[in-house]
Amino acid sequence: ELNSTVQARTITIGADHQTGDITLGLSTKSQTISIGNGATENGESHIINIGTESSGAGTKQLNLGEITGAFVVNPITAGVTTTIGGTTQTGTITLGRSTASQAINIGTGVIGGSTTKNIYIGANANNGGLTNIYIGPSSNTTTAKTTFYHNVDFNYGQVNIKAITNPTS
């Protein structure tokens with residue numbers, strides 16, 4: 001057990017130029033691995049950094065392996081922003097890659113009568129660039145249905161509704 005009785009002491013595992021692996025939790029039996037799970041006192045905080053140092057030209061990759069239970073990111077404090085993707089990232093962000101039946105929920109929490117829920121998709125393209133938003137399958141042999149439950153406002157440009165020659169439903 002690594003434990004320090006000195007309050008402000010730093011504990012470091014691994015050296016600056018180490019190239020060998022560091023493994024935590026190698027057991028093949030049931031096991032809980034806790035990082036930064038202690039309760040914080042009022043006005044205190046835990047900052048848990050994983051791969052945050054950005055010096056050098058090397059590559060960082062974070063692998064989470066096969067998750068057979070739930071994967072939950074759950075900020076419990078109001079007003080906390082959860083960000084996926086960086087401001088200079090050009091790679092694809094994929095949600096819901098299942099090849100079986102699947103529901104992908106975005107903004108589905110129940111809200112009260114005096115609150116507003118804003119869901120932005122492709123917003124903030126104010127630089128004259130082009131934003132394409134695709135909804136539904138790209139295959140013309142796939143049955144698709146898009147449902148809008150309430151009013152739909154189109155503020156700019158035009159809307160073209162094209163009839164299909166052989167509707168399936």
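Taking both residues in full, the closest heavy atoms of Q102 and R97 are given as OE1-N, 4.1 Å, listed atom of the first, atom of the second, then distance. Shortest non-hydrogen contact noted between D21 and Q18 is O-NE2, 4.0 Å. Nearest approach of S98 to A100, heavy atoms of both residues: OG-N, 3.0 Å. In terms of heavy-atom proximity, I121 sits nearest to I133 at O-CD1, 3.4 Å. Of all non-hydrogen atoms in I104 and L95, the two that sit nearest each other are CD1-O, 3.8 Å.
Between T82 atom OG1 and N74 atom CG the span is 9.0 Å, to the nearest 0.5 Å.
Residues satisfying the side-chain hydrogen bond (donor to acceptor under 3.5 Å, both in side chains) criterion with T83, sequence neighbours excluded, are absent altogether.
The backbone N or O of G112 sits less than 3.5 Å from a side-chain atom of T115, completing a donor-acceptor pair. A donor-acceptor pair is defined here as one N or O able to donate and one able to accept, closer than 3.5 Å; no such pair exists between the side chain of T92 and the backbone of T94. Under a 3.5 Å cut-off, the side chain of K117 and the backbone N or O of G107 do form a donor-acceptor pair.
The number of heavy-atom neighbours closer than 6.0 Å to CD1 of I48, taken from other residues, nucleotides and ligands shown, is above 12.
Sorted by first and then second residue, the side-chain hydrogen bond (donor to acceptor under 3.5 Å, both in side chains) pairs involving residues 22-42 (not counting sequence neighbours) are S34-N37.
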